[in-house]
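Please read the structure below before turning to the comments.
Since this is a predicted model, take the numbers as computed values, not measurements. Every chain is numbered from 1 and lettered A, B, ... according to where its sequence line falls, protein lines coming before strand lines.
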Protein chains: 2
Amino acid sequence: MTKGTYHHGDLRRALLQAAADAIAEHGVAAISMRDLARRAGVSHAAPTHHFGDKAGLLTAFAAQGYDELAKALSTSRLASNSFLELGVTYVRFAMTRRAHFEVMFRPDLYHADDPELLRAKARSADALYAGVADLPDGLRHRGETAERARGGTPDSAPSDIRQAGQAAWSLAHGFATLWLSGAFPDRDRDPEALARMIFGQLKVIQ
Amino acid sequence: MTKGTYHHGDLRRALLQAAADAIAEHGVAAISMRDLARRAGVSHAAPTHHFGDKAGLLTAFAAQGYDELAKALSTSRLASNSFLELGVTYVRFAMTRRAHFEVMFRPDLYHADDPELLRAKARSADALYAGVADLPDGLRHRGETAERARGGTPDSAPSDIRQAGQAAWSLAHGFATLWLSGAFPDRDRDPEALARMIFGQLKVIQ
DNA sequence: ATTCTAACTTGCCATTGACAAGATGCCGTG
DNA sequence: CACGGCATCTTGTCAATGGCAAGTTAGAAT
């Protein structure tokens, strides 16, 4: 971590880690660049050189989150071969990477047009919509073949697939968000288990 | 509005209105007490007297939001007598009162234990869970009677009703949140219409 | 070895949230 | 009507923050 005295060596990563810790502890609203700098053991202006400004740091942070979400979704799809488990994976990501999750869906906090971020975001969306088209218990609509939709970006996917994906995404995202905000009464229960029960109760009408 | 010179007369309401405008324009992250004071035409320390601190103002703002949501849900339930429309009402609330919606589910921004807020929050939850138990196309489970669940708070409602309500709430909330954050590609379409289509595709098994 | 430059520092400024102390005018009581 | 109490609003101040400018250091290239 701390190599010499002047040049940190791995400051960018250290700052992103500090951000994850700080946000998980006190929420996005409470974080400050200067505090992150202190946590990393550098001066208050050091972060600027790597991220430009506060929004720049959060942009990188959100991109990292989208990247890990894409990885998690892809892994889950290959491992369990179940659409329901894909939703559970989404919820698990929100719980274990709550700091990232909290930032990712607040585009007013970062530079939403950053190309790096957009790429990571697209990777996540691809992994999600691919599950809609591919998996056996997925919300696949009648006439559509998985072939036609596979790998398509949400923008290019046929509208039936897209809507089914949006429905599933809404469900998983809403559950995760409401849980994290403390809106549900049973906070003591295991969120993954509860998600599994709730998700399993719903199906698409043909 | 501006009565005399010294005593504003209706500052509390004016500040909440200013907050609604400012948040809708620039997001919660960007607002400052001093800006709200400027918008209301008072000195920078005037808001403190009414709300204590920034979190206090946002507490009142969130409570106002929960109150209006409860009213909207109740009205919708009596008017349309449709569970699907209850979800659409939820989405419409998120769109038209986006500033309130944005604050309500960020408890790290306000005093989440404030009694006034908790009461308004409970009213919203009641209106929502009542729809689960009452309405003809609601997600009512087999053995449960609407009688048993009606009027029950989310904490006291039977677990079947509660889970069905959580599922529906997750769906509507996730849709609204994802739409507002720009995660869906078709932002040009009418969100209510899209919500109606998506919500209509899902049903409870059994 | 010298230069070049990315990485980091110190220093500064406007803005903000919070607090303290004072000014103003409404409202009830005599 | 006079007067005192008190909620309401003001001015003044302080530490902390984000952002910028100018200087310093060390690693890398030639």
Side-chain angles (χ1 to χ4, degrees), chain A residues 1-19 21-23 25-62 103 106-112 114 116, chain B residues 1-19 21-23 25-62 103 106-112 114 116:
Chain A
M1 289 290 185
T2 45
K3 224 168 57 176
T5 45
Y6 214 97
H7 282 45
H8 184 283
D10 199 20
L11 183 55
R12 188 187 162 90
R13 178 183 302 273
L15 286 171
L16 289 176
Q17 181 58 51
D21 297 343
I23 295 174
E25 286 175 33
H26 307 109
V28 236
I31 69 158
S32 79
M33 294 286 269
R34 287 168 118 99
D35 180 54
L36 300 185
R38 277 190 292 268
R39 285 172 187 250
V42 292
S43 80
H44 68 256
T48 301
H49 188 263
H50 289 275
F51 300 103
D53 57 356
K54 193 177 184 180
L57 184 143
L58 291 177
T59 303
F61 192 70
V103 174
R106 315 212 94 257
D108 56 313
L109 294 180
Y110 53 79
H111 302 304
D114 179 83
E116 180 80 24
Chain B
M1 287 289 182
T2 45
K3 226 170 50 176
T5 46
Y6 213 97
H7 281 45
H8 185 283
D10 199 20
L11 184 55
R12 188 188 163 91
R13 179 186 301 274
L15 286 171
L16 289 175
Q17 181 58 52
D21 296 343
I23 296 174
E25 287 175 33
H26 311 298
V28 234
I31 69 158
S32 79
M33 293 287 269
R34 287 169 116 99
D35 180 54
L36 299 185
R38 277 190 292 268
R39 286 175 185 248
V42 294
S43 81
H44 66 257
T48 300
H49 187 263
H50 289 274
F51 301 103
D53 57 357
K54 193 177 183 178
L57 186 142
L58 292 178
T59 303
F61 192 71
V103 175
R106 317 213 94 259
D108 56 312
L109 294 180
Y110 54 79
H111 302 304
D114 178 83
E116 180 80 21

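- Rounded to whole Å, atom C1' of C:dA18 lies 17 Å from atom CG of B:Asp35.
- B:Arg106 has its side chain within reach of A:Arg106: a pair of non-hydrogen atoms, C-beta onward, lies under 4.5 Å apart.
- In this structure, the separation between OH on B:Tyr110 and CZ on B:Phe51 is 15.5 Å, given to the nearest 0.5 Å.
- Side-chain contact between A:Arg38 and A:Asp35 is present, with at least one heavy-atom pair separated by less than 4.5 Å.
- For A:His44, the side chain to side chain donor-acceptor pair (under 3.5 Å) criterion is met by no residue, not counting sequence neighbours.
- Computed from coordinates, the B:Leu11 CG to C:dC26 P distance equals 15 Å when rounded to whole Å.
- Rounded to whole Å, the distance from CG on A:Leu36 to P on D:dG19 is 12 Å.
- The distance between atom NE2 of B:His49 and atom C1' of C:dA20, rounded to the nearest whole Å, is 14 Å.
- The phosphate of C:dA6 (OP1 or OP2) has no side-chain N or O of A:His50 nearer than 4.0 angstrom.
- Distance check, rounded to the nearest 0.5 Å: CG of A:Asp10 to CG of A:Leu15 gives 9.5 Å.
- Straight-line distance from the CZ atom of A:Arg39 to the P atom of D:dT17: 12 Å, rounded to whole Å.
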So which protein N/O to nucleotides 12-15 of chain C N/O distances come out below 3.5 Å?
none

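- In this structure, the side chains of B:Thr59 and B:Glu116 stay at 4.5 Å or more apart for every pair of heavy atoms.
- Between B:Lys54 and B:Leu36 there is no side-chain heavy-atom pair separated by less than 4.5 Å.
- With rounding to whole Å, A:Ile31 atom CD1 is found 17 Å from C:dT16 atom C1'.
- Using a 4.0 Å cutoff on non-hydrogen atoms, the parts of residues 53-62 of chain B near DNA chain C are B:Asp53, B:Lys54, ordered by number.
- Exactly one residue among A:Leu11, A:Leu16, A:Leu57 makes a side-chain contact (heavy atoms from CB on, under 4.5 Å) with A:His50. That residue is A:Leu11.
- Separation of atoms CD1 (A:Ile31) and CZ (A:Arg39) is listed at 9.5 Å; rounding is to 0.5 Å.
- What separates CG of A:Asp10 from P of D:dG27 is a distance of 15 Å, to the nearest Å.
- Following rounding to the nearest Å, B:Arg12 (CZ) and D:dA7 (P) show an atom-to-atom distance of 16 Å.
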